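Everything quoted here is computed from the prediction, not taken from an experiment.
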Amino acid sequence: MFQRLFGRERNANRAITDALYAQIVAAARQTLFYSDWNVPDTPLGRFEMLSLHIYLVQHRLHGEQGVAAEVAQVLIDEFFLDVDHSLRELGISDVGVPKRMKKLARMFYGRTAAYDDALRENDRAALAAALARNVRPDAGPWPQASLLADYVCDASKKLAAQPTESIAAGTVAFPAPGPHEGGQHERR
């Protein structure tokens, strides 16, 4: 009886985190990032955008308790499982995957620290500089970094306004990327 009860709860939590993760991936794959804002449409560019969106949800759920904290942990676990799977699909050997995973985990947590600092200080210039360093490290000047910084700030505000219960139930909404005007169309 206990196994059935806990098994159902685990399956319900899995459905919630699968739904959230799918919404995060969809937000990270919005075409405008790659077509107009010159985010590289490469495995590393897609990793950067997925990392950014995972970060935004983690940032929103930071400090939450109960189910929301569990969801945050399962999402980060799912993210790293997805990265592991992607590395294997790219042909990285079983021996090379752990080394790459350690490097990518360091990259992810280094980025989250930089993004946290910039958001806490409400410093869009610092956020744009961090995004440029991470998303296009070898490209020189990247004018669209400020657009992405505006998007991140807007997304952070939009996520902060979403009830924890709604996120913990499997719904998260990000703004559509576009000109920073406050009257953006929303993506659902």
Side-chain angles (χ1 to χ4, degrees), residues 14 16-62 71-119 124 126-156 158-159 167 172-178 187:
R14 171 48 77 196
I16 289 167
T17 54
D18 285 350
L20 286 171
Y21 195 73
Q23 293 165 66
I24 292 166
V25 169
R29 291 184 177 165
Q30 293 177 83
T31 306
L32 187 87
F33 294 137
Y34 306 94
S35 65
D36 294 4
W37 291 3
N38 296 317
V39 170
D41 193 6
T42 62
L44 194 53
R46 291 186 295 272
F47 168 80
E48 292 295 344
M49 294 310 293
L50 183 55
S51 294
L52 179 61
H53 286 82
I54 284 287
Y55 158 75
L56 284 164
V57 174
Q58 294 293 310
H59 181 75
R60 165 58 183 85
L61 295 175
H62 182 75
V71 165
Q73 183 58 55
V74 173
L75 281 172
I76 202 75
D77 294 345
E78 184 66 25
F79 168 65
F80 283 112
L81 281 172
D82 191 23
V83 170
D84 180 280
H85 180 74
S86 295
L87 288 173
R88 293 175 193 282
E89 281 186 343
L90 288 170
I92 307 298
S93 71
D94 288 344
V95 174
V97 168
K99 185 169 123 180
R100 298 274 176 105
M101 286 299 297
K102 284 180 187 176
K103 180 180 179 184
L104 291 169
R106 279 193 310 271
M107 289 169 58
F108 174 77
Y109 288 110
R111 282 150 176 70
T112 63
Y115 301 155
D116 269 343
D117 290 345
L119 282 175
R124 287 185 191 230
L127 182 57
L131 290 164
R133 274 192 317 273
N134 298 326
V135 175
R136 295 186 56 93
D138 301 323
W142 181 37
Q144 295 85 358
S146 63
L147 295 172
L148 187 54
D150 288 342
Y151 169 82
V152 169
C153 290
D154 291 346
S156 181
K158 183 174 176 107
L159 288 165
I167 297 170
V172 66
F174 292 91
R187 183 187 171 284

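Residues Ser156 and His59 have side chains in contact (heavy-atom distance under 4.5 Å, counting atoms from C-beta outward). With a 4.5 Å cut-off on side-chain heavy atoms, Val39 and Met49 count as touching. Contact of the Phe79 side chain with the Leu50 side chain is registered, since non-hydrogen atoms from C-beta on lie closer than 4.5 Å.
The CG atom of Leu104 lies 4.5 Å from the CZ atom of Phe47; values are rounded to the nearest 0.5 Å. From Ile24, atom CD1 reaches atom CG of Leu52 across 11.0 Å, with rounding to the nearest 0.5 Å. Rounding to the nearest 0.5 Å gives a distance of 10.5 Å between CZ of Phe33 and CG of Leu147. Interatomic distance, CD of Gln144 versus CG of Asp36, reported as 8.5 Å (0.5 Å rounding). Rounding to the nearest 0.5 Å gives a distance of 11.5 Å between CG of Asp82 and CG of Leu75. Taking CG of Asp138 as the start and CZ of Arg133 as the end, the distance is 13.5 Å to the nearest 0.5 Å.
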### Message
Run the side-chain contact (heavy atoms from CB on, under 4.5 Å) test on Met107 and Leu44 for me, step by step, so that the C-alpha distance in whole Å, both residues' side-chain angles and the decisive distance to 0.1 Å come before the verdict.
### Response
CA-CA 11 Å; Met107 289 169 58; Leu44 194 53; 4.0 Å; yes
### Task
Step by step, work out the side-chain contact (heavy atoms from CB on, under 4.5 Å) result for Thr112 and Gln58.
CA-CA 9 Å; Thr112 63; Gln58 294 293 310; over 6 Å; no
### Task
Please assess Lys158 against Asp154 for the test salt bridge (charged side-chain N to carboxylate O under 4.0 Å, His left out), listing each intermediate value before the final yes or no.
CA-CA 6 Å; Lys158 183 174 176 107; Asp154 291 346; over 6 Å; no
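Of all heavy-atom pairs between Tyr151 and Pro175, the closest is CE1-O, 3.1 Å. Residue Trp142 comes nearest to Leu131 through the heavy atom pair CZ3-O, 3.9 Å, listed as atom of the first residue, atom of the second, then distance. Scanning all heavy atoms of the two residues, the minimum distance from Asn134 to Arg111 falls at ND2-CG, 3.2 Å. Heavy-atom minimum distance, Ala132 versus Ala145: CB-CB, 4.1 Å. Here the closest heavy-atom approach between residue Leu127 and residue Ala149 is recorded as CD2-O, 3.6 Å. Of all non-hydrogen atoms in Ala114 and Ala130, the two that sit nearest each other are CB-CB, 4.1 Å.
The ring of Phe174 has its center closer than 6.0 angstrom to the ring center of His53. Side-chain rings of Phe108 and Tyr55 stay apart, their centers remaining 6.0 Å or farther from each other.
A distance-only check finds a donor-acceptor pair linking the side chain of Ser35 to the backbone of Thr31 [under 3.5 Å]. In this structure, the side chain of Gln23 engages the main chain of Val172 through a donor-acceptor pair within 3.5 Å. In terms of modelled atom types and a separation under 3.5 Å, the side chain of Arg60 and the main chain of Leu159 share a donor-acceptor contact.
Partners of Asp84 under the salt bridge (charged side-chain N to carboxylate O under 4.0 Å, His left out) rule, at least two apart in sequence or in another chain, are Arg88. Considering only residues two or more places apart in sequence or on other chains, Asp41 meets the side chain to side chain contact (heavy atoms under 4.5 Å, CB included) condition with Tyr34, Arg46.
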